[in-house]
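What follows is a set of notes on a single structure, which appears directly below.
Here is how names work: the chains are called A, B, and so on, in the same order as the sequence lines, proteins then strands, and each is numbered from 1.
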Amino acid sequence: MSKVLILAEHNGDSINQSTAKVLTAAKQLKTDGIDMVLFVPNAELASELAQYEGVSEVHVVSCEDNHDQLAASIAPTIADLAQNYSHIWGPSTTFGKDIMPRVAALLGVNQISDIMEVIDNTSYKRPIYAGNAIITVSTDSDRQVATVRTASYEADKSTGGSAEIKESTLSTAADHTTFVKLASGDSDRPDLQTASKVISGGRGVGSKENFDMVFELADKIGAATGASRAAVDAGYVPNDMQVGQTGKIIAPDLYMCFGISGAIQHLTGIKDAGTIVAINKDADAPIFEVADIGLVGDLFKVIPEMIEKV
Amino acid sequence: MKILVAIKRVVDYNVRVQVKPDGSGVAIDGVKMSINPFDEIAVEEALRIKEQGKADEVVVVTIGGDESQQQLRTAMAMGADRAILVNTDKAVQPLQAAQVLLKVIEKEQPGLVITGKQAIDDDNNQTPQMLATLWNRPQATFVSQIEFTDKGLQATREVDAGLETIEVELPAVISTDLRLNEPRFVKLPDIMKAKKKPLETLAIDELAPERSDHHIKANHYEPPQPRQKGVMVESVDELVTMLKDKGLLS
Ligand SMILES: Cc1cc2nc3c(=O)[nH]c(=O)nc-3n(C[C@H](O)[C@H](O)[C@H](O)COP(=O)(O)OP(=O)(O)OC[C@H]3O[C@@H](n4cnc5c(N)ncnc54)[C@H](O)[C@@H]3O)c2cc1C
Ligand SMILES: Nc1ncnc2c1ncn2[C@@H]1O[C@H](COP(=O)(O)O)[C@@H](O)[C@H]1O
């Protein structure tokens, strides 16, 4: 028997696209069924999940006091459900990375992190060393806990499914951990992780004020905005804009970056982009080794000119 | 309070590793090795907590071969008080690492455990979460700021949506993100002093022997798909035209 349980990610108002990407990966397995588990008592979100083709059951677990986001509270419930599944998968977002290893520990297995390719029901490819090597791994465990590298998969867009919705209440809330708050760098721009176009800036942008130029260009073409770690560390932009090994791994159709040198830790976050455009004043910057289109130039001249011409 | 910090010896983050031509692994002979960057941040944070008078001892632990003593000595040169080497000549996977660390916790009874969020060799990002689970204590992963409170501590976590704050009771496991702090440089006299600090060696089989049933096998290594060679343009006009031709701009 081979059955998949997918941990759905949401923010209270909507289902995160990472869920549909995990579903795409799961559909590459030979399975006897795919189910989902959603930790929030929201009928609308549950029925959204139930509409995916190929999903048989949606377990909706209601939790109080933001326990839906607390790994220590929800992992034991997932581990209980897992008894009926061979594959227990979540997204390799910060949400999934926080929770899935706990599920694995409860089941007594190692987790397979960041699946980028499904070879068959027991073997997968995943990146290591910041993506400098790809490793093929396999396991003969009856319970496979894994996270799926979302940038490697398109979101499943199927509709017309009619999964059964099963409701329950969380009984495993841990009282040693309390959610206090979430501070988001709210913006009206497209979401960095799902946008088809991303414009990003690095240390070369030079200041918080100068980043306005990057935002202006992004708004002009309807792009999301990203940044290098150096730009975040320098306080030019908030942390949720960081792209790379320890930030977001993204796969837009167009990634255009200004004043970013191209450190391996940054490149690992953009490897799957369709077209990479780099603008840097240093002709020897490593970013040009991966760029599809490169322009050696001063970003303070190039950005205003682009704003004018697009 | 005692703080336990778990560190791992890894290929230095500046090295671009190469896959061996036969696909049996990555070439690491003669390559520069360092403390995993996130773990260096973990050591630094423990030292700062001690310097603020909120802890009285910082113990570093690693699971690895004899050569990992080097990284333990570096951590002691930074200021850690003593070190534990759990000796093994095999690569340990996260579950076993967590089982070993749990045994060390049972022996040392720390009030706080700090680890890196991920080891930059295997990029697993699992061990601290597994450790917190086995220990049955709270976790705060990907932490960029901590503040002690009456209940325990408030941790700010770097999450996809921004910055999340949670409060955890102690003892707890914290895994560090990059912006938690900037590790200090070690000075020569401290390196000398560190040579005299205690370093205890334990055998892994006495703590948590490897079990094959939960192992993940590494079958083959390959280099990533190279991207196709790009082109250089001379002007913004040329760039914009090219992007329009590709349908990426309208
Ligand atoms: C464990 C670890 C994890 C990391 N994770 C990440 C990560 O997730 N993401 C990430 O980005 N980094 C990460 N880093 C950091 C990474 O190694 C680099 O330090 C960082 O990416 C550099 O950012 P940068 O390119 O903006 O800055 P720099 O390397 O300083 O480059 C600035 C560039 O701007 C150019 N420039 C300057 N002025 C101009 C101008 N007027 N016009 C045009 N070009 C100009 C310069 O020529 C230079 O190439 C990590 C590091 C470690 C150790
Ligand atoms: N062999 C090891 N010895 C000591 N600590 C380790 C070891 N492996 C992992 N860790 C700790 O767990 C963190 C996460 O590692 P990983 O789950 O392998 O990505 C690291 O940053 C270390 O703090």
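- Using a 4.5 Å cut-off between heavy atoms, Val10(B) makes no contact with chain A at all.
- In this structure, no portion of Ala174(A) lies under 4.5 Å from any heavy atom of chain B.
- Checking Arg179(B) against Gln242(A) by side-chain atom types alone, a donor-acceptor pair falls below 3.5 Å.
- Put simply, of Thr275(A), Ile221(A), Leu106(A), the one with the most heavy-atom pairs under 4.5 Å next to chain B is Thr275(A).
- At a 4.5 Å heavy-atom cutoff, the contact between Ile279(A) and chain B is made by side-chain atoms alone.
- Looking at Lys309(A), the atoms closer than 4.5 Å to chain B (heavy atoms on both sides) sit in the backbone and in the side chain alike.
- Per-residue counts of heavy-atom pairs under 4.5 Å with chain B were compared for Lys125(A), Glu289(A), Gln69(A); the largest is that of Lys125(A).
- Contacts with chain B were tallied for Ile264(A), Val137(A), Asn16(A), Thr178(A); Thr178(A) has the most, counting heavy-atom pairs under 4.5 Å.
- Contact annotation for Gln228(B): only backbone heavy atoms (N, CA, C, O) come within less than 4.5 Å of a heavy atom of chain A.
- Neither the backbone nor the side chain of Lys301(A) comes within contact range of chain B; no heavy atom of the residue lies under 4.5 Å from a heavy atom of that chain.
- Side-chain contact, Asn132(A) with Gln18(B): no donor N or O sits under 3.5 Å from an acceptor N or O.
- Here the CZ atom belonging to Arg157(B) is positioned 4.0 Å from the CG atom belonging to Asp98(A), to the nearest 0.5 angstrom.
- Looking at heavy atoms from C-beta onward, Leu243(B) lies in side-chain contact with Met256(A) at the 4.5 angstrom threshold.
- The contact between Val277(A) and chain B is made entirely by side chain atoms (from C-beta outward), counting heavy-atom distances below 4.5 Å.
- Counting only heavy atoms from C-beta outward, the side chains of Lys246(B) and Leu254(A) never approach each other to under 4.5 Å.
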Between Leu182(A) and Val159(B), does the side-chain contact (heavy atoms from CB on, under 4.5 Å) criterion hold? Intermediate values first, please. CA-CA 9 Å; Leu182(A) 174 67; Val159(B) 295; 3.8 Å; yes
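- Interface residue Ile276(A): backbone and side-chain heavy atoms are both found under 4.5 Å from chain B.
- The shortest distance between side-chain heavy atoms of Arg126(A) and Asn124(B) falls below 4.5 Å.
- Looking at Leu178(B), both its backbone and its side chain come within 4.5 Å of chain A, counting heavy atoms on both sides.
- The parts of Lys97(A) that come within reach of chain B are both its backbone and its side chain, each placing non-hydrogen atoms under 4.5 angstrom from that chain.
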Report the C-alpha distance between Gln245(A) and Asp123(B) in whole Å, list the side-chain angles of each, state the deciding distance to 0.1 Å, and finish with yes or no for side chain to side chain donor-acceptor pair (under 3.5 Å). CA-CA 9 Å; Gln245(A) 183 185 18; Asp123(B) 284 332; 3.2 Å; yes
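- Contact check for Gln111(A) versus Gln129(B): no side-chain heavy atoms found under the 4.5 Å cut-off.
- Among Thr94(A), Val232(A), Leu70(A), the residue with the largest count of heavy-atom pairs under 4.5 Å with chain B is Thr94(A).
- Taking both residues in full, the closest heavy atoms of Leu95(B) and Asn110(A) are given as N-OD1, 2.8 Å, listed atom of the first, atom of the second, then distance.
- Side-chain atoms of His176(A) and Val168(B), non-hydrogen and from C-beta on, never get closer than 4.5 Å to each other.
- For Asn219(B) and Ser138(A), the side-chain atoms include at least one donor-acceptor pair closer than 3.5 Å.
- The closest side-chain donor-acceptor pair between Ser113(A) and Gln126(B) falls under 3.5 angstrom.
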